[in-house]
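The sequence lines fix the lettering, A, B, ..., with proteins before strands; numbering per chain opens at 1.
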There are 2 protein chains.
Amino acid sequence: MELTDRKKQILKVVVESYINTAEPVGSKAIVEKLSAKVSSATIRNELADLEELGYLEKPHTSAGRIPSPKGYRLYVNELMEKHALSPSETEKINASMQGKMAGLDQVISKAGQMVSTFVDYPTFAAANHKEKTSVKRFELIPVDDVSFIAVVMLTDSRVKSQLLSLQLPVEKEELPQIAHLLNTHFVGIDAPEMNSRLMNLSDQVSGHWFLLVSRVVEYAGELVQEAGRQEIYTSGASQLLKFPEYRDIDKAQELMSFMVDNREDLPLPQSDAPMQILIGPENVNEALKDSSVVVASYDIGDNMRGLIGVVGPTRMDYATVAARLSYFAENLTRMFGKKQLPLKEEKENE
Amino acid sequence: MELTDRKKQILKVVVESYINTAEPVGSKAIVEKLSAKVSSATIRNELADLEELGYLEKPHTSAGRIPSPKGYRLYVNELMEKHALSPSETEKINASMQGKMAGLDQVISKAGQMVSTFVDYPTFAAANHKEKTSVKRFELIPVDDVSFIAVVMLTDSRVKSQLLSLQLPVEKEELPQIAHLLNTHFVGIDAPEMNSRLMNLSDQVSGHWFLLVSRVVEYAGELVQEAGRQEIYTSGASQLLKFPEYRDIDKAQELMSFMVDNREDLPLPQSDAPMQILIGPENVNEALKDSSVVVASYDIGDNMRGLIGVVGPTRMDYATVAARLSYFAENLTRMFGKKQLPLKEEKENE
DNA sequence: ATTAGCACTCATTCTTCCTGAGTGCTAAAG
DNA sequence: CTTTAGCACTCAGGAAGAATGAGTGCTAAT
């Protein structure tokens with residue numbers, strides 16, 4: 001059954017007022033904010049209906065109403081006015097995005113940080129590889145008798161390198177051959193496959209070479225696995241404490257410890273939708289059951305999708321957050337979503 | 001004037017009892033915990049003296065005594081029993097340190113994390129370079145027509161690399177010469193010096209070369225500067241909320257926002273002492289005035305000194321924290337303080 | 001120097017009472 | 001059938017007071 005127009009208007013007023021004040025909303029207050037001129041008694045009847053339908057709840061008998069998750073859901077789906085950003089806001093966002101992010105790792109974490117300061121809620125940030133990352137190419141650079149540098153180009157166009165030292169002497173002349181070996185056998189595959197090929201190799205090459213090769217493969221394997229694991233960054237977690245809903249220290253600590261200490265356990269929403277809003281119990285994560293999350297995603301290169309989630313009480317300001325976040329995400333896609341990452345194409349200041 | 005032995009014993013009991021319970025300690029409770037058999041009235045006289053001397057304070061007239069910062073200081077300097085770790089504790093520490101840290105960046109942050117879980121207080125972690133980091137050597141690896149990889153070896157034995165792309169074509173054959181140029185002019189110097197040498201070079205080489213060189217130098221300059229900036233990591237910040245002294249949300253938020261969001265502003269103690277305890281107002285940082293910090297340092301390679309700080313209320317368990325932290329720090333020095341970093345010398349599991 | 005004894009202080013807790021915002025229901029009016 | 005005025009009712013939250021009890025400081029005796 002569809003709600004009447006008036007019921008929707010009333011629900012909207014309740015949600016917005018509660019978002020602003022965190023106080024239950026009473027019938028009189030609603031009358032004042034409502035354009036239609038009706039008495040508070042009428043509103044009370046409507047409120048009773050809305051409560052029966054599950055859109056509102058009462059903290060206790062003699063208090064006003066607050067929205068239920070179902071109420072927020074309706075608000076977000078139908079009632080919320082997607083408000084456009086003011087020029088000064090877009091300006092601020094644009095300014096903050098100038099030249100702050102060098103290198104892929106930084107894009108992800110910085111994006112989260114910027115959003116957090118901009119929406120005034122805590123955020124988390126992560127990224128998914130669409131395809132599995134693997135090694136694109138190996139290079140070995142001689143250093144001294146016992147050490148060399150392994151340079152590993154990954155398919156996501158990052159380049160990682162590390163100094164490796166052995167007990168045995170390393171012959172400069174052998175390195176190119178070993179690199180060739182690596183490039184023919186260990187490119188384009190995942191970590192377990194790397195290991196099994198390494199095993200196969202063990203009796204085809206000399207022990208000395210094998211040692212060298214396995215050190216490099218070990219390193220590369222870690223890189224590939226690390227790329228598969230998704231690192232989650234969080235920002236602004238301390239802002240949680242400013243909301244009255246987290247006055248209860250235990251509630252606060254539960255969520256807080258997720259945000260700052262156990263981020264790896266934050267289950268991320270999977271959908272590819274540009275923006276998604278998860279309200280209270282819609283979150284699968286136990287610690288988020290009383291909170292809401294607004295998630296947006298953006299492109300990084302053409303093989304990754306960045307994710308930014310804004311975390312707050314269910315009473316969070318969905319309209320503003322959604323507007324700002326989606327503007328941000330769109331801009332990030334514009335800046336980093338190209339075929340080839342424009343890594344440090346242009347620079348400014350220092 | 002020296003305190004009598006009995007006064008010291010009493011102070012010790014007060015401090016330790018308060019550390020355990022967070023409740024003011026009364027004369028009767030002291031009698032019970034004190035070996036000497038005296039009456040509570042005697043204790044009261046002594047307490048009055050200790051208060052007059054500034055070692056104790058009273059929250060209000062009818063409460064027991066709590067230690068003042070001066071009291072904690074005396075306790076830490078003279079009274080505290082440096083307790084040895086039990087075998088099961090050292091075992092746990094040793095186990096947790098097995099093979100968790102690969103690469104220099106990880107040593108620092110992981111060390112902080114491990115200490116935090118082990119002492120049950122929040123920690124911060126950082127590292128100082130004793131000497132300025134600079135570039136030890138450049139390598140350029142051709143990739144395709146317009147891009148190449150810059151590999152930069154730093155004096156702290158880290159190796160960093162990045163894919164650089166230009167608009168102009170990159171000649172494979174030129175790269176070794178350009179690398180040579182870089183290695184003769186841009187090694188062993190700091191970022192500003194790099195820039196000024198770059199300027200000098202501008203009319204000595206062709207525009208094409210200059211473009212290439214400046215891209216690499218720019219990248220290297222950032223690396224060198226980044227090494228100079230000190231990155232601060234924190235762990236376990238949410239544990240703060242479990243202490244009653246941070247029940248006051250505002251206090252909690254102030255410190256919390258330092259720990260999780262503004263870590264770069266945490267001023268770190270400079271001393272090179274292996275361990276240092278800063279009690280309440282001894283901290284210069286405003287946000288830490290009501291808290292205490294136990295800092296220890298350890299060697300990383302032979303050019304860096306890692307720093308781990310344990311943060312807690314002034315009522316923190318100095319004896320336990322100090323014991324565990326120093327054991328940790330000693331082990332870290334043992335593991336990573338060698339001449340040459342044993343980066344991934346041995347491995348286990350995956 | 002120590003201690004028993006006693007009057008005093010004051011945070012904390014519990015009760016009681018009051019207030020006022022807000023409700024639900026009924027009965028009358030549109 | 002919808003709206004509204006009116007009224008009795010509920011209940012969280014705050015204020016005020018009383019009781020509790022842990023702890024003190026001081027005095028006078030040992």
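Using a distance-only test at 3.5 Å, with no hydrogens or angles considered, a donor-acceptor pair links the side chain of B:Lys70 to the main chain of B:Leu53. Checking side-chain atoms of B:Asn77 against main-chain N and O of B:Leu74 turns up no donor-acceptor pair under 3.5 Å.
Here the C1' atom of nucleotide C:dT23 and the CD atom of A:Glu52 are 15 Å apart, to the nearest Å. Rounded to whole angstrom, the span from the CG atom of A:Asn45 across to the P atom of D:dT2 amounts to 10 Å. Atom pair A:Glu46:CD and C:dG24:C1' shows a separation of 15 Å (rounding to whole Å applied). If you measure from atom CD1 of A:Ile66 to atom C1' of C:dA21, you get 16 Å, rounded to the nearest angstrom. Rounded to an integer number of Å, the gap from B:Lys28 NZ to C:dG5 P is 13 Å. Rounded to whole angstrom, the span from the CD1 atom of B:Ile10 across to the C1' atom of D:dT24 amounts to 15 Å. Going from atom CG of A:Leu50 over to atom C1' of C:dG22 covers 17 Å, rounded to whole Å. For the pair A:Glu57 CD and C:dG22 P, the computed distance is 18 Å after rounding to whole Å.
Closest to the B:Ala41 side chain, of the nucleotides C:dG24, C:dA4, D:dA5, is C:dA4. Residue B:Ser62 has its side chain nearest to C:dC10 when only D:dC11, C:dC10, D:dT4 are considered. Side chain of B:Arg44, nearest nucleotide from C:dA4, D:dG25, C:dA11: D:dG25. Closest to the side chain of B:Ser39, from the set C:dT3, C:dT9, D:dG25, is C:dT3.
Listed pair A:Arg6 / D:dT3 meets the phosphate criterion, a side-chain N or O lying under 4.0 Å from OP1 or OP2.
In the model, B:Lys242 has a side-chain atom that pairs as donor or acceptor with a side-chain atom of B:Gln239 under 3.5 Å.
Among the atoms of the strands shown, only primed sugar atoms or phosphate atoms (P, OP1, OP2) are found under 4.0 Å from some heavy atom of A:Lys58. Among the protein residues, B:Ser27 comes within range of the sugar-phosphate backbone only, with heavy atoms under 4.0 Å from sugar or phosphate atoms but none that close to a base.
Salt bridge present: B:Glu81 and B:Lys12 bring a charged side-chain N and a carboxylate O closer than 4.0 Å.
When each of B:Thr42 and A:Ala63 is assigned the nucleotide of DNA chain C with its nearest heavy atom, B:Thr42 is the one assigned upstream, toward the 5' end. Taking for each of B:Val38 and B:Pro59 the nucleotide of DNA chain C with the nearest heavy atom, the 5'-most of the two is the partner of B:Val38.
For A:Asp317, there are no salt bridge (charged side-chain N to carboxylate O under 4.0 Å, His left out) partners, not counting sequence neighbours.
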